[in-house]
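Throughout, protein chains are lettered first and strands after them, A, B, ... in sequence-line order, and every chain is numbered starting at 1.
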2 protein chains.
Amino acid sequence: MTAPATARSEQTRAQIVEAALRLFRERGYAGTTMRAVAEEAGVSVGNAYYYFRSKDELVQGFYDQLAADHRAASAPVLARTTDLGERVAGTLNAWLSIAEHYHAFAGRFFAVAAQPGNPLSPFSSASHAARDAELALWDDVLAGSSTRIAAQLRARLPELLWLYQLGIVLFWVHDSSPGLRRTRELVGRSAPLVARLVRLARLPTLGPVVRQAADLAASLRGS
Amino acid sequence: MTAPATARSEQTRAQIVEAALRLFRERGYAGTTMRAVAEEAGVSVGNAYYYFRSKDELVQGFYDQLAADHRAASAPVLARTTDLGERVAGTLNAWLSIAEHYHAFAGRFFAVAAQPGNPLSPFSSASHAARDAELALWDDVLAGSSTRIAAQLRARLPELLWLYQLGIVLFWVHDSSPGLRRTRELVGRSAPLVARLVRLARLPTLGPVVRQAADLAASLRGS
DNA sequence: GTCTATAGTGGGATAGAC
DNA sequence: GTCTATCCCACTATAGAC
């Protein structure tokens with residue numbers, strides 16, 4: 001992070017991000033120049049680069065904002081029900097609602113974020129704050145549910161659900177159906193399935209598979 | 001495709017792709033300029049753009065070549081064994097072997113390919129030839145195996161395995177371990193698990209889950 | 001440490017002549 | 001199909017104001 005802590009710089013930084021997001025929405029990512037962002041924010045180009053090393057990095061603001069909003073938007077559902085399927089679906093739908101506005105340029109954004117080595121990658125250490133927040137959210141989803149979970153699985157599950165979320169996001173990015181109907185449908189169908197699988201994992205017959213899967217999940221760490 | 005059919009243009013096109021891939025390997029994607037590609041191929045910049053609408057689109061050549069090579073590289077394993085786990089692992093390892101050379105710039109490449117609307121997206125209609133080839137390959141993997149497969153699942157399975165492959169590729173792209181050890185390990189651990197799950201799907205207890213999962217897979221089509 | 005202004009480089013992409 | 005010339009913009013450099 002290039003984060004200086006003074007109130008003054010915080011404000012300038014926020015202005016720039018805000019201007020950028022507004023222009024991205026209006027003109028798309030490619031159609032928005034750094035000159036335009038700087039002008040819209042009322043700062044010089046050099047100053048914009050003082051806060052963000054590249055145009056790509058401007059979307060970090062979007063990234064951060066999204067992670068914070070997600071938790072807030074999920075709170076109501078998590079307070080309302082203890083059914084795991086509903087909690088999972090609700091958490092994903094909350095994300096879809098807050099991200100909806102940015103669907104048009106999210107593709108470009110996630111393409112940038114998907115690059116290894118890019119600080120915006122969800123796997124990079126620069127994103128670890130946002131990732132940790134999401135993992136904590138998924139832990140809450142589990143903690144408040146009435147479903148009993150196989151012990152082997154419990155520790156790994158927030159991470160697996162986060163990966164599941166990334167899959168949904170990937171689908172969402174490519175979804176051009178009106179009103180994002182297809183993504184909503186995918187959430188509606190997959191969330192109960194996920195909940196069912198978590199429940200099934202307690203079956204003795206499935207012990208070995210679950211163990212194998214848990215080992216696999218463990219070996220994914222530290223990428 | 002922008003494909004004119006004359007022998008002359010075919011050749012020019014091939015020259016450009018060849019030059020591009022060589023330079024990508026040597027200098028990486030960002031380090032390779034269109035000017036350099038054109039010069040290396042012995043054509044003008046404008047001419048390079050006549051064949052490829054953007055620098056991104058240049059990697060289509062890589063994409064096509066990879067898909068074709070994959071089938072060829074998989075043939076030996078598929079001829080050698082009928083064990084599903086080994087066939088799956090072998091097919092994935094074959095891909096890793098041929099793609100190894102390009103690992104350094106593959107990240108950039110797949111980031112581009114992940115953009116919706118981009119003709120390089122594995123889900124785009126422009127890539128349907130390469131995708132169909134991969135699906136056919138996965139169908140062969142299943143067809144030549146000794147594992148009996150739940151009927152409901154059989155038709156969807158090539159597609160699901162292709163998605164599984166995309167997941168592996170995504171991991172590979174972010175894998176910076178020496179010799180790509182971690183991806184190899186992931187394949188070694190996950191392939192038997194996949195085979196086991198396919199086998200388990202025949203259990204009567206799992207009927208409903210499998211049906212639900214198959215429905216889900218069916219609803220994914222047509223993205 | 002925060003910011004402006006300005007001038008410059010390099011490279012992706014395009015227009016239009018041939 | 002191919003070229004040359006040109007445009008545009010991300011990004012850098014610099015010098016200085018507060």
When the distance from CG of Asp56(B) to C1' of dG11(C) is rounded to whole Å, what number comes out?
-> 14 Å
Taking the side chain of Ser54(B) as heavy atoms from C-beta outward, which of dC3(D), dC11(D), dA13(C) is closest to it?
-> dA13(C)
How would you list all residue pairs meeting salt bridge (charged side-chain N to carboxylate O under 4.0 Å, His left out) that involve residues 66-75 of chain A, not counting sequence neighbours?
-> Arg71(A)-Asp140(A)
Under a 4.0 Å heavy-atom cut-off, which of residues 16-34 of chain A touch DNA chain D?
-> Thr32(A), Thr33(A), Met34(A)
Residues that Gln15(B) engages under side chain to side chain donor-acceptor pair (under 3.5 Å), provided they are two or more places apart = none
Can you give the donor-acceptor pairs under 3.5 Å from side chains of residues 91-99 of chain B to other protein atoms, not counting sequence neighbours?
residue	atom	partner	partner atom	Å
Thr91(B)	OG1	Arg87(B)	O	2.7
Asn93(B)	OD1	Arg184(B)	NH1	3.3
Asn93(B)	ND2	Ala89(B)	O	3.2
Ser97(B)	OG	Asn93(B)	O	3.1

For dT2(D), does either OP1 or OP2 sit under 4.0 Å from a side-chain N or O belonging to Arg8(B)?
-> yes
Would you check if there is a donor-acceptor pair between the side chains of Thr12(A) and Ser9(A) at a distance under 3.5 Å?
-> no
Is the distance between the ring centroids of Phe52(B) and Tyr49(B) under 6.0 Å?
-> no
Return the value, rounded to whole Å, for the distance between atom CZ of Phe52(A) and atom P of dT2(C).
-> 13 Å
Consider only side-chain N and O atoms of Trp138(A) and Glu159(A), and report whether a donor and an acceptor are under 3.5 Å apart.
-> no
Could you state the atom-to-atom distance from CG of Asn47(A) to P of dG1(C) in whole Å?
-> 14 Å
Is there a donor on the side chain of Arg35(B) or the base of dG12(C) sitting less than 3.5 Å from an acceptor on the other?
-> yes
Glu39(A): side chain to side chain contact (heavy atoms under 4.5 Å, CB included) partners, not counting sequence neighbours = none
Side-chain N or O of Ser9(A) closer than 4.0 Å to phosphate OP1/OP2 of dT2(C) | yes
Specify the separation, in whole Å, of atom NZ of Lys55(B) and atom P of dT14(C).
-> 15 Å
Any Tyr51(B) side-chain nitrogen or oxygen under 4.0 Å from OP1 or OP2 of dT2(D) = yes
Determine: side-chain N/O of Tyr50(B) to OP1/OP2 of dT2(D), distance under 4.0 Å, yes or no.
-> no
Looking only at non-hydrogen atoms, find the nearest pair between Ala48(B) and Ile16(B) and report the distance.
-> CA-CD1, 3.9 Å
For Arg156(B) and Ala217(B), the nearest pair of non-hydrogen atoms, with its separation, is CD-CB, 4.2 Å
In whole angstroms, how far is the C1' atom of dT4(D) from the CD atom of Glu39(B)?
-> 15 Å
Nucleotides 12-18 of chain D: protein proximity per nucleotide (B base, S sugar-phosphate only, - neither; heavy atom, under 4.0 Å) | B------
